[in-house]
Amino acid sequence: MIVIAAVFIITLLIGVPIALVLGLSGMTHMLVMSPDMLIALPQKLFTSASNYSLLAIPLFLLAGELMGLSGDVDRLCNLARVLIGRVKGSLCYATVLLGAMLGASLGSANAEAALLGSVMYPNLKKDGYGEVFSAGLIGATSIIGPMIPPGLLFVIYACQAGISVRDLFLCGVSVGIYLAIALFAVIFFFSRRRDWPVGEKPKKGELWHAFVQAIFSLLSPIIALLCIATGVCTATEAAAVLSMCIFLVGMFIYKTINIENLYQCLLKSAVSAAAVLMIGAMGGVFGYTLAFDQIPTKLASFVIGLSDNKYVILLLINLMLLVIGMLMDATPAVIILVPVLLPIIAQYNYNPVHFGVVVCLNLTVGLLTPPVGTCLYTTASATGVEANKLVKSIWPWVGVCVAVLIFVTYCPASVMWLPNLLAKFAA
């Protein structure tokens, strides 16, 4: 195992792409165990990438690109501003509300950070909220995106754990709401102590007009989620429905999508999806070698020997995930860690769906933290604020997100109530 760990750490430190890091580590592990195992390498690459549920990833990525192309961001931004109305610090609240609404179609923290940085940051800066504070708010808001269905991290976890994507999506609704409330609390705290502007009171009929303008932008993700929740279609089929709805509305109603810009949209989606699926394929090889060598079982036995209290084990796992989230992007972390952690939680009869929410939320919070926090640097790039300044101001936001993580970890009913409720109706 020392050789495999050395290959993994060295290749990661010298900047080798994470997909190749996983592939090289898995191949080295095969060579150490038995060179004959290399025969299985092509087969494992294919089977890891041919999971039907993974097809949801390119389709949801396409939906996010189409949403940006159809102008949904501007309409949702106007609706969020009007909904907040005459409140001190209203633009900050509107930013969080917009982030929650965008999460329903983007499902990616980095994509949301880039969009909010270009759309909301200039207005926040213009209204005097401060460059560093505004950038920190945008970075923190962007992590709501992966929690609101369709969160791509949920799809990857479900494929690795062999559980229902539907249940994870339903749990994610509650987590997204809790994160938004936590960020609202931080904004309220700062608004009491700073001279922030008060938002304008909506004019007569303005709220209704903004709602009508954004109705299709709101309905598309809601329809997709309802299709999943009611069992009408799978998450993969719902992703196709969502993409098609946004495409038809953008082309024939808003008339912002045409053949020319559609080509670039499809190309960008394909490149993004290929990167994720390549990581998944290489991670599948590495996970196969770990399972073949019984590493998860050995690690589970070691952890169980530390404590027989499941709450202590959960604390240790959360601390480990927070550290890993600081050093590694969320997608490869899920692919590597889930096969290792599942045998541990199985020993304590812990719900794998709830555990999936904890893992995904934990690693998503890690996107905000240095030294590797990709969302942090995406925000810095999108807003033009120096990363070292942003690092110093991000900790209050990280703190409230960790508070939500602790609440979700030790209060399973806080996220499981919705899938449990729908299960009762279906029974």
Partner residues of Tyr93 under the ring pair (Phe, Tyr, Trp, His ring centres under 6.0 Å) criterion, sequence neighbours left out: Phe184

Mind checking what makes side-chain contact (heavy atoms from CB on, under 4.5 Å) contact with Thr11, not counting sequence neighbours? Val7, Val16, Val21, Leu24

Supply the atom-to-atom distance Ile344 CD1 to Ile317 CD1, rounded to the nearest 0.5 angstrom. 5.5 Å

Shortest non-hydrogen separation from Ile345 to Pro352 and the atoms involved: CD1-CA, 4.0 Å

Any pair counted as side-chain hydrogen bond (donor to acceptor under 3.5 Å, both in side chains), so long as it reaches residues 130-151, sequence neighbours left out: Lys125-Glu131

Near Tyr254 OH, under 6.0 Å, is it more than 12 heavy atoms from other residues, nucleotides or ligands? yes

Heavy atoms of Gly176 and Ile148 approach each other most closely as CA-CD1, 3.6 Å

Non-neighbouring partners of Asp167 that pass side chain to side chain donor-acceptor pair (under 3.5 Å), sequence neighbours left out: none

Shortest non-hydrogen contact between Ile246 and Ile257, atoms and distance: O-CD1, 4.1 Å

Closest non-hydrogen atoms of Phe154 and Leu168, given as atom of the first, atom of the second and distance, are O-CD1, 3.4 Å

Which residues share a side-chain contact (heavy atoms from CB on, under 4.5 Å) with Val186, sequence neighbours left out: Phe190, Trp397, Val400

Keeping to residues at least two apart or across chains, list the side-chain hydrogen bond (donor to acceptor under 3.5 Å, both in side chains) pairs with something in residues 168-186. Ser174-Trp417

Do Leu322 and Asn362 have side-chain heavy atoms sitting under 4.5 Å apart? yes

Matching residue for Met147 among Val173, Ile177, Leu179, Val404 - test: side chain to side chain contact (heavy atoms under 4.5 Å, CB included): Leu179

Can you tell me if Trp208 has over 12 outside heavy atoms packed within less than 6.0 Å of its CH2? no

Are any non-hydrogen side-chain atoms of Gln160 and Pro339 less than 4.5 angstrom apart? yes

Apply the test side chain to side chain contact (heavy atoms under 4.5 Å, CB included) to residues Val408 and Leu405: give CA-CA distance (whole Å), side-chain angles for both, the deciding distance (0.1 Å), then the verdict. CA-CA 5 Å; Val408 168; Leu405 171 64; 5.7 Å; no

Side chain to side chain contact (heavy atoms under 4.5 Å, CB included) between Leu341 and Met320, intermediate numbers included: CA-CA 11 Å; Leu341 295 176; Met320 179 189 73; 3.7 Å; yes

Evaluate the side-chain proximity of Phe355 to Tyr348: yes if any heavy-atom separation is below 4.5 Å, no if none is. no

By side-chain contact (heavy atoms from CB on, under 4.5 Å), which residues pair with Ile253, not counting sequence neighbours? Phe216, Val249

Is the shortest side-chain heavy-atom distance between Leu137 and Tyr121 below 4.5 Å? no

Strictly by salt bridge (Lys or Arg N to Asp or Glu O under 4.0 Å), give each pair with a member in residues 141-163 just once, sequence neighbours left out. none

The criterion is side chain to side chain donor-acceptor pair (under 3.5 Å); which residues satisfy it with Thr95, sequence neighbours excluded? none

Rounded to the nearest 0.5 Å, how far apart are CG of Leu62 and CG of Leu242? 9.0 Å

What residues form a side chain to side chain donor-acceptor pair (under 3.5 Å) with Tyr350, not counting sequence neighbours? His354

According to side-chain contact (heavy atoms from CB on, under 4.5 Å), who are the partners of Met244, at least two apart in sequence or on a separate chain? Phe247, Leu248

If you look at every heavy atom in Val365 and Cys401, which pair is closest and at what distance? CG2-CB, 3.9 Å

Heavy atoms, side chains only, cut-off 4.5 Å: are Phe133 and Cys92 in contact? yes

Side-chain heavy-atom pair Cys171, Pro419 within 4.5 angstrom cut-off: yes

Looking at Ser243 and Ala240, would you say the former's side chain and the latter's main chain have a donor-acceptor pair under 3.5 Å? no

Value rounded to 0.5 Å, distance of CG in Leu170 from CG in Leu418: 4.5 Å

Apply side chain to side chain contact (heavy atoms under 4.5 Å, CB included) to residues Ile144 and Leu183 and explain how you reach the verdict. CA-CA 10 Å; Ile144 298 177; Leu183 298 184; 3.9 Å; yes

Using side-chain heavy atoms (C-beta onward) and a distance below 4.5 Å, is Leu262 in contact with Leu66? yes

Minimum-distance pair of heavy atoms, taken over all atoms of His29 and Thr289: ND1-OG1, 3.2 Å

For the OH atom of Tyr157 and the CG atom of Leu153, what is their distance to the nearest 0.5 Å? 11.0 Å

Does some side-chain heavy atom of Leu267 sit less than 4.5 Å from a side-chain heavy atom of Gln264? yes

Between CG on residue Leu390 and CG on residue Leu368, distance to nearest 0.5 Å: 8.5 Å

What distance separates Asn351 CG from Asn420 CG, expressed to the nearest 0.5 Å? 8.0 Å

